[in-house]
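This report concerns only the one structure given below.
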Amino acid sequence: MGPIGWISWSKIYGFAFGAILILFIASVLPGARCFAKTPPAAPPQAITCGLSESDKIANAKLSVPAFDYAPTTPSTARALSDRGCHAQAAEAGVDYLIRSQ
């Protein structure tokens, strides 16, 4: 006899197992359908890493906070570094230190 009297423990366990199995299947299937309908990611945008002589002259006219902390132009060292242009960022930083003295 079970806890209620007319339901056995095996029926309770069977019902619990069935409910858990149904909930698991219901949670997995919608995710699989959503995954199949996911559109492909957009292609990455081309990164421009140019640093011209006019960019260097414009950087030299900036104050340190404007050049480093709040980059106001796309040719500052921080702006170049944020785009992944690390070599040009180092070049811009060195050139800024030389020209701004």
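Listed here is the closest heavy atom pair of Ala79 and Pro74: CB-O, 3.8 Å. Shortest non-hydrogen contact noted between Gly93 and Ala77 is N-CB, 4.1 Å.
Atom CZ of residue Phe67 and atom OG1 of residue Thr73 lie 8.0 Å apart, to the nearest 0.5 angstrom. Note that OH of Tyr69 is 10.0 Å distant from OG of Ser63, once rounded to the nearest 0.5 Å.
In this structure, Leu51 shares a hydrophobic cluster with Leu80, the cluster being traced through Ile, Leu, Val, Met, Phe, Trp and Tyr side chains under 4.5 angstrom apart.
Here the side chain of Arg83 pairs no donor or acceptor atom with the backbone of Arg78 at under 3.5 angstrom. Listed for the Asn59 side chain is a donor-acceptor partner under 3.5 Å among the backbone atoms of Ser75.
The hydrophobic clustering, which links ILVMFWY residues whose side-chain heavy atoms are closer than 4.5 Å, places Leu62 and Val64 together.
For Arg99, the salt bridge (Lys or Arg N to Asp or Glu O under 4.0 Å) partners two or more places apart in sequence, or in a different chain, are Glu53, Asp95. Remark: Asp55 pairs with no residue by the salt bridge (Lys or Arg N to Asp or Glu O under 4.0 Å) rule, at least two apart or across chains.
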